[in-house]
Amino acid sequence: MLDGFAVVLEPKNLLYCLLGVVIGMLIGVLPGLGPAATIAILLPMTFGLEPVTSIIMLAGIFYGAQYGGTITSVLLRLPGEASSVVTVFDGHAMARQGRAGTALGIAAIGSFVGGTLSIIALTLVAPFVAGFALDFGPPEYAALALLGILLVATVSNSGKLKALIAAATGLLLATVGRDDFISVERFTFGNLSLADGLDFVPIAMGLFGLGEILYNLEERHRATQAPAAVNDIWPSRADLRQASGAIGRGGVLGFFLGILPGGGAVLSSLAAYALEKRRSRHPERFGHGAIEGVAAPETANNAAATSSFIPLLSLGIPANATMAVIFGALLIQGITPGPQLVTEHPDLFWGVVNSMYLGNVLLLIMSMPLVGLFVRILRVRPAILAPITALITLIGAYTVRNDVFDIGLVVFFGVVGYLMKKAGFDPGPLVLAFVLGSLLETSLRRSLLLFDGNPAGFLTRPISGVLLACLLVVAVLPAARALIRRRSSSREQQDA
C-alpha cells in the first residue's frame with residue numbers, strides 16, 4: 001500500500017489523476033456522452049502512456065462522472081446516467097425550493113464518503129468479496145433484477161398502480177430489437193435503426209428533459225417566483241445530521257451491489273432510495289425535497305462505482321460497460337486482469353486503488369467551490385434556459401451513436417413524457433425498468449435453459465432462493481399492513 005501511494009504521488013500520475021477527475025465531472029455535466037463512451041474515445045491517448053498512468057486517468061473519469069451527472073439531475077432534471085435517475089426525484093425538488101446548493105453539497109459529501117468507504121473496503125476485503133460475486137449466476141441475476149423492478153413501485157410518488165404500469169411499459173420497451181438468443185427482430189416494424197434496440201439516452205433525455213420543457217410551456221402564463229437565493233453552499237449541521245444515516249447505509253449497500261455485474265450502480269441507487277423511504281417516519285416527504293433522497297442514492301452509486309473495480313482487478317471480470325472498456329485498455333497495455341495481477345503488477349494494482357483516495361479528495365475540493373457557479377444556472381430566465389436545455393438534450397442524444405434517428409426518439413419520448421406528467425404518471429419507474437429489463441430477460445432465459453424449463457430450479461439455489469424470499473416479502477408486506485390497518489380500524493369503529 002505504501003508503495004502504491006508513492007506511485008500515485010509521482011507528479012505525472014498526480015497530474016493525470018486530476019485530469020481524469022476533471023474530464024469525468026465535465027462529462028457528467030454534459031448529458032448523453034457518459035463515462036463508457038468517453039473512455040472509449042480516449043483509448044488511443046493511452047497508447048503512449050505507462051499502464052499505471054493510463055488506468056489512473058480512466059478510473060478518475062469513471063468516478064468523476066458519477067458526481068457530474070448529479071449536477072444536471074438537480075439543476076435541469078436531466079439524468080445523464082441511469083444511476084442518476086433516482087437523484088432527480090428529490091434533488092430537483094430541492095432546487096426548485098431554493099436549496100440547490102444544499103442538494104449539490106450533500107451529494108458531494110455523500111459521494112466522497114461513499115467512495116472513500118468503498119475504497120477502504122476494496123483494500124481490505126477485495127479477494128473475499130470478489131469470490132462471493134463468483135457465486136452469482138443467471139438465476140441470481142434474474143431474481144435480483146426482478147427485485148429491483150418491484151422496488152420501482154416504492155420510489156414513485158404517482159401511486160403504486162401507475163408506477164407498475166410505467167414499469168411494465170419500460171419492460172416492453174426493453175424487448176425492442178433483435179433477440180439475443182434466436183436473432184429474431186421484435187417490435188422493429190422493419191426499421192433497421194431499431195434492430196439493435198432502444199438506447200437509454202434518448203429515452204431518459206426525452207422523458208425527463210424535453211418532456212419537462214413541454215410541460216412547463218403551459219405554465220408560462222402563470223406568475224412564477226424565482227428560486228430563493230442560495231446563501232450557504234455547505235449543508236447545515238441539521239442537514240448533515242439528517243442525512244448522516246442515509247449516507248452510511250447508502251455506502252454499505254452500494255459497495256456490495258456495485259460488485260455485481262449488470263445494473264450494480266442503478267440497483268444500488270434505487271435500493272438505497274427505497275430503503276430510506278421505507279425507514280422514514282414520513283415517507284410522503286420523498287419526491288418533494290427530502291435530503292435523504294439525495295444523500296442515499298448519491299452515496300450508493302459512488303460506492304458502487306468504486307467497488308466495481310473489485311471483480312475487474314481481482315478476477316478479470318468487468319462489472320459494467322465502463323469496466324469492460326477499462327478491461328480493454330489493460331489488454332492494450334499488455335496486462336491481463338485476474339488473480340495474478342496483485343503479485344505480477346503490484347504497482348498498478350495498488351497505484352490504481354490508492355489513486356482513488358486522492359481522486360475523491362480532489363473531487364470534493366473542486367466540486368464544493370463550484371456549487372455556487374452551478375446554482376447560478378437557476379437564475380437564468382426560463383425563456384432562455386428552456387431552449388438551451390433542449391439543445392443540450394438533442395446534442396447529447398446525437399453524440400452517442402451519431403444517428404439522427406435518436407433525435408427523433410428524443411422528440412417522441414418528450415411527447416410521451418409530457419403526456420405522462422399530464423396524466424399523473426412518474427417517468428422514473430419506466431426508465432429504471434427499461435434499464436433492468438434486458439438484464440432480467442437475458443438472465444431469466446439462461447436460467448430456464450439451465451433448469452430445462454423448470455422454474456422451481458430458482459428455489460434450489462441458496463442465493464436466488466433468498467432473493468425470491470425478499471421479493472415475496474416486499475410484495476406481500478404492504479398488503480398485509482393494509483389488511484391489519486383495515487381490521488384495526490373496523491374494530492375501533494365497532495367499539496365506538
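Note that the structure is a prediction, hence the values are computed from the model and not measured.
Between the side chain of S308 and the backbone N or O of A305, at least one donor-acceptor pair lies under 3.5 Å. At distances below 3.5 Å, not a single donor-acceptor pair connects side-chain atoms of S118 with backbone N or O atoms of G114. Within the 3.5 Å criterion, the main-chain N or O of P297 finds no donor-acceptor partner in the side chain of S269. Of the possible polar contacts, none joining the D90 side chain to the F286 backbone as a donor-acceptor pair under 3.5 Å is found. A distance-only check finds a donor-acceptor pair linking the side chain of D179 to the backbone of I182 [under 3.5 Å]. Checked by atom type and distance alone, the side chain of S268 never pairs as donor or acceptor with a backbone atom of G254 at under 3.5 Å. Checking side-chain atoms of T460 against main-chain N and O of G457 turns up a donor-acceptor pair under 3.5 Å. The backbone N or O of V184 lies less than 3.5 Å from no partner atom in the side chain of R178, so there is not a single donor-acceptor pair. Side-chain atoms of S447 come within 3.5 Å of backbone N or O of P138 as a donor-acceptor pair. A donor-acceptor pair under 3.5 Å is absent between the side-chain atoms of K277 and the main chain of G293, judged by distance alone.
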What do the steps show when you test V74 against M94 for side-chain contact (heavy atoms from CB on, under 4.5 Å), and what is the final call? CA-CA 8 Å; V74 171; M94 290 181 67; 6.0 Å; no

Evaluate side-chain contact (heavy atoms from CB on, under 4.5 Å) for S355 paired with N13, printing each intermediate quantity in order. CA-CA 9 Å; S355 73; N13 292 335; over 6 Å; no

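Tested against L146 for a side-chain contact (heavy atoms from CB on, under 4.5 Å), the candidates L467, L440, L444 yield a single pass: L440.
Residues T306 and N302 are not in side-chain contact: their nearest non-hydrogen atoms beyond the backbone lie 4.5 Å or more apart. The shortest side-chain heavy-atom distance between D406 and D403 falls under the 4.5 Å cut-off. Using a 4.5 Å heavy-atom cutoff, the side chains of Y398 and V404 are in contact. Counting heavy atoms from C-beta on, the side chains of I203 and L409 never come closer than 4.5 Å. At least one side-chain heavy atom of L468 sits less than 4.5 Å from a side-chain heavy atom of F458. With a 4.5 Å cut-off on side-chain heavy atoms, L15 and M57 do not count as touching. For the pair S54 and Q333, the minimum side-chain heavy-atom distance is below 4.5 Å. Side-chain contact between Y141 and R446: absent, with no pair of heavy atoms (C-beta onward) separated by less than 4.5 Å.
Taken from CZ in F112 to CG in N360, the straight-line distance is 6.5 Å, to the nearest 0.5 Å. Atom CG in L362 sits 10.0 Å away from atom CE in M25 (nearest 0.5 Å). Here OG of S443 is found 10.5 Å from CG of L450. Values are rounded to the nearest 0.5 Å.
When all heavy atoms of G250 and T299 are compared, the closest pair comes out as C-CG2, 4.0 Å.
E441 and T175 are not linked by any side-chain donor-acceptor pair at a separation below 3.5 angstrom, with hydrogens and angles left out of the test.
Residues satisfying the side-chain contact (heavy atoms from CB on, under 4.5 Å) criterion with A246, sequence neighbours excluded, are E276, E292, A295, A296.
Ring centroids of F89 and Y273 are separated by less than 6.0 Å, placing the two rings close together.
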